[in-house]
Amino acid sequence: TIKTKSTDRAGNESTLSSQTINVDNYRPRTYAKKAKARRVSRKKAPRYLRLYRLYRSKRLITRDKKTRKLYKQQSSKYLRAYRDARRNIATVKIKWKVVDPYTGKKAKVNLRIQKRLKSKSRAKKKARYKKLYLKNWKLYRKSRNKKLKRRYKRRYRKYKKAYRKVKVYGYKTVKQANYGLTTINRWRTYKFKMRSKGKYRFIVKAKDRAGNTQKNTAVASITVK
């Protein structure tokens with residue numbers, strides 16, 4: 001609270017003015033649930049196509065606006081299902097949540113989906129370090145010369161450390177959703193479609209109106225078979 005009062009040279013005093021400032025330094029918390037992908041079978045494509053054509057023909061014949069609207073919705077639904085089945089698309093429902101009791105009920109949220117990829121160059125590098133590590137370890141075990149033994153020991157430890165440090169797998173961003181000021185403090189769902197198999201992960205980041213970034217970065221995995 002800021003209180004202000006002034007007095008002039010003649011001794012006249014002003015009335016006391018008071019202003020309250022709300023300070024928000026609470027950092028939002030982000031949460032994510034492990035998701036499972038559901039792949040639409042190609043075998044279902046003919047059935048979905050028949051249903052789409054059926055509801056489309058009904059919509060064209062029907063004159064009632066309400067029923068016509070319903071048939072349009074159904075035909076659109078089965079058309080999407082037919083296209084997904086034909087392309088063997090996998091659909092995943094991502095669930096995320098941001099908690100911040102002091103922000104109003106809204107915050108800026110960033111959702112990033114990444115695919116796990118294997119690096120060939122890193123794999124070769126790791127294999128090389130392993131080879132050198134085992135080679136020097138064997139020399140260290142066999143050698144009886146103290147000086148050489150110390151040298152081989154230093155080398156095998158060096159390459160062992162380098163071998164453990166090199167990560168063969170990395171992540172590449174395949175989809176990013178930037179929400180503006182969006183509703184928080186409840187579980188939200190984001191629908192994502194993909195074709196390729198593999199392991200994915202999604203990351204949830206948040207920023208409230210006061211500019212506070214998330215306390216933790218929520219990460220959850222997705223497996224597409």
Do [X] and [Y] come close enough that some side-chain heavy atom pair is under 4.5 Å?
X: P28; Y: N212; result: yes
X: W96; Y: T30; result: no
X: R39; Y: I89; result: no
X: F202; Y: Q114; result: no
X: K146; Y: L148; result: no

Ring center gap for Y52 and Y82 short of 6.0 angstrom: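 Here the rings of Y82 and Y52 have centres that are no less than 6.0 Å from each other.
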
Report whether [X] and [Y] are members of the same hydrophobic cluster (ILVMFWY, side-chain heavy atoms less than 4.5 Å apart, transitive linking).
X: Y31; Y: V219; value: no
X: I94; Y: I184; value: yes
X: I113; Y: Y179; value: yes

Distance under 6.0 Å and angle within 45° of ring axis: K33 vs W187: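 Geometry flag: set, cation within 6.0 Å and 45°.
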
K58 NZ/CZ over Y55 ring centroid, <6.0 Å and within 45° of normal: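 So K58 does make the cation-pi contact.
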
Between R59 and T67, a side-chain donor and acceptor under 3.5 Å: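 No donor-acceptor contact under 3.5 Å links the two side chains.
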
Residues K115 and S196: side-chain donor-acceptor under 3.5 angstrom: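 Yes, because at least one side-chain N or O of K115 sits under 3.5 Å from a partner of the opposite role on S196.
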
K149, NZ atom: more than 12 neighbouring heavy atoms under 6.0 Å: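 Yes.
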
Parallel, tilted or perpendicular, as decided by the 30° and 60° cut-offs, for the rings of Y200 and F192: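 Perpendicular: the ring planes of F192 and Y200 meet at over 60°.
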
